[in-house]
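Take a look at the structure below.
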Amino acid sequence: MPYVHDTLEALRKSSPAQTEFYQAAEEVLECLRPLFEHSPHYLDHNIIERIVEPERQIMFRVCWTDDAGKVQVNKGYRIQFNSALGPYKGGLRFHPSVTSGTIKFLGFEQIFKNALTGLPIGGGKGGSDFEPKGRSDGEIMRFCQAFMSELYRHIGPTTDVPAGDIGVGAREIGFLYGQYKRLTGRYEGVLTGKSLNWGGSIGRKEATGYGAVYFAENMLEARGETLEGKTCLVSGAGNVAIYTIEKLYELGAIPVTCSDSRGTIHHARGIDLDLLKELKEVKRVSLEAYLEKHPEARYLPAGDYPEDGHAVWRIEGDVAFPCATQNELTETDAEALLGNGVTCISEGANMPSTAAAVDRFLAAKAAYGPGKAANAGGVATSQLEMAQNSSMEKWPLEKVDTKLKEIMANIHRQCAETAEEFDDPTNLVLGANIAGFRKVADAMIEQGVV
Ligand code: NDP
Ligand code: 2IT
């Protein structure tokens, strides 16, 4: 199909050096080939070329003063990728590795993820190359205020609603919200992931991790299995990893690992969740400190496999939850996981597996849940927060958690049914991409050429 190849070539020329974006776009477009054969009208409307082009990209300077009185400068981004299904929705990432290509890949993935939730939300993403590590609360606050001093002009509760991602949690959302309110004078649902006592939704903090576990449960159930008693490998030690571990314990599984950018903890009797929360949510220190309380656990410093891969994926287990960052799971890691008996992979992070790793999982017919399906519980619960804010309601935990479970089951059902429709029943990547794309593309066609 020349359209797919030509579009990817054109992207490489028009948007140089955005390798993560090409990776995300290639996966989606390759999966769409059988759809275009079956429904060529999408090609008549030239939806492919339209969908890979963001509606709007905002880049701005963020100047702030550090504790030593020195003026610091960072780059700020917000990409408003696609609003066919609703206001732009997606998180903000603060990490020194962030480039415009990172934000573009995340925004692109968000379009299809948000479509899969079945809720009225379009795709967006934003962030900065700001490094929060080692900064005082005062510095974080001044950075967030400076960032919002530009961002506030572009967002609003019915236009674009940011949330957290790597490096942006409740503390940052608080500072960002305070500055938005100061600048606009409006108290409204312009951000999600807010604190519970001023507009946040109960269950949002936990939703991405819990949702990734519900998705794994759905995948296993389709194969006549459950999570009970299963040994689980989790990477990351942030918001998504922590609440993945929490839900795994609730369902009788044994999460034995977590990791951060400096190393991996392997604790065969199960990760000490209270300690992990204290180290990462309160003290914000390296995982190495885990050994002070548990000298019997193993600490594997990052770089143990410098040639290719990540120590966390070399440990024996049944189910894997990559919850750190993109491309953290390579082809060699995928081979090691499959060789060690892992049969189910549910992605809490966005695009954590490289394209070659994904091919391995699909070839082995593993139960593989791609991030845009498996981690959609976070953004779905953000939309529940928006619904509560606009109706001035506060829902109880049971209501939010019941809805989250239903949404995850529904995403799994759509992916599995669509994979079946296209004669590749175990391929949830194909199912997720076609099911998500069809919703967005149909809405774009109905709304005309805009
Ligand atoms: P956090 O900032 O809370 O945690 C990120 C974790 O990943 C940390 O343990 C961090 O280690 C590690 N990490 C980050 N970058 C790297 C890197 N380049 N190399 C190695 N380790 C790294 O972020 P979240 O838990 O919120 O996000 C994790 C993933 O989940 C991301 O892919 C995000 O896009 C995705 N996601 C998040 C959602 C949310 O609601 N928060 C929703 C859906 C997806 P260290 O502490 O050492 O930096
Ligand atoms: O990648 C994601 O889905 C998120 N970081 C959450 C987005 C949101 O708006 O809650």
Side-chain angles (χ1 to χ4, degrees), residues 20 86-98 102-103 105-114 116-117 119 121-127 131-134 155 160-173 189-194 200-201 204-212 234-245 258-265 276-277 279-281 283-288 302-303 310-312 321-329 347-353 371-386:
E20 292 158 332
Y88 309 105
K89 182 81 196 89
L92 298 172
R93 176 176 293 190
F94 293 169
H95 194 272
S97 65
V98 163
T102 318
I103 300 299
F105 115 69
L106 290 163
F108 186 71
E109 290 286 282
Q110 200 80 44
I111 304 171
F112 307 102
K113 181 194 307 193
N114 293 4
L116 285 170
T117 67
L119 301 168
I121 38 181
K125 199 83 190 188
E131 165 64 286
K133 272 197 206 105
I155 61 176
D160 183 356
V161 184
D165 194 83
I166 290 177
V168 179
R171 175 182 59 169
E172 292 72 22
I173 293 290
V190 70
L191 295 170
T192 59
K194 302 185 289 298
S201 172
R204 171 61 188 94
K205 179 177 68 176
E206 297 83 357
T208 311
Y210 282 17
V234 180
S235 66
N239 173 267
V240 181
I242 288 173
Y243 293 96
T244 294
I245 290 173
C258 58
S259 67
D260 64 15
S261 50
R262 296 181 53 191
T264 296
I265 291 288
L276 176 62
K277 285 185 181 178
L279 296 178
K280 288 297 178 179
E281 293 186 334
K283 293 186 175 161
R284 300 176 190 271
V285 294
S286 156
L287 276 178
E288 212 169 344
H310 193 242
V312 69
F321 292 88
C323 297
T325 193
Q326 66 272 15
N327 293 327
E328 56 159 312
L329 196 163
E347 293 185 340
N350 284 307
M351 207 170 74
S353 305
K372 61 169 73 73
N375 74 38
V379 74
T381 308
S382 275
Q383 198 280 342
L384 304 181
E385 182 170 328
M386 289 164 70

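We count ligands from 1, going down the list as the structure has it; atoms in each ligand are counted the same way.
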**Message:** Going by salt bridge (Lys or Arg N to Asp or Glu O under 4.0 Å), name the residues that satisfy it together with E347, two or more places apart in sequence or in a different chain.
**Reply:** none
Which atoms form the tightest heavy-atom contact between [X] and [Y], and what is the distance?
| X | Y | value |
| --- | --- | --- |
| C323 | T244 | SG-OG1, 3.7 Å |
| A237 | A241 | N-CB, 3.6 Å |
| L119 | A380 | CD1-O, 3.6 Å |

**Message:** Heavy-atom contacts with ligand 1 below 4.0 Å: which residues, ordered by chain and residue number?
**Reply:**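 Those residues closer than 4.0 Å to ligand 1 by some heavy atom are R93, H95, K113, K133, D165, I166, G167, R204, T208, G236, A237, G238, N239, V240, S259, D260, S261, K280, C323, A324, T325, G348, A349, N350, N375.
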**Asked** Does anything in residues 376-385 pair up under salt bridge (Lys or Arg N to Asp or Glu O under 4.0 Å), and if so which pairs, sequence neighbours excluded?
**Response** K194-E385
**Asked** Near ligand 2, which residues have a heavy atom under 4.0 Å away from one of its atoms?
**Response**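 Only K89, G90, G91, Q110, K113, K125, A163, G164, D165, R204, N350, G378, V379, S382 have heavy atoms that fall under 4.0 Å of ligand 2, ordered by chain and number.
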**Asked** For S382 and R204, what are the C-alpha separation, side-chain angles and deciding distance, and is it a side-chain hydrogen bond (donor to acceptor under 3.5 Å, both in side chains)?
**Response** CA-CA 6 Å; S382 275; R204 171 61 188 94; 2.9 Å; yes
**Prompt:** Without hydrogens or angle criteria, can the side chains of N375 and K113 be said to hold a donor-acceptor pair below 3.5 Å?
**Reply:** yes
**Prompt:** What do the steps show when you test S235 against E328 for side-chain hydrogen bond (donor to acceptor under 3.5 Å, both in side chains), and what is the final call?
**Reply:** CA-CA 9 Å; S235 66; E328 56 159 312; 2.7 Å; yes
**Message:** If we check side-chain contact (heavy atoms from CB on, under 4.5 Å) with K89, which of these qualifies: M386, K125, Q110?
**Reply:** M386
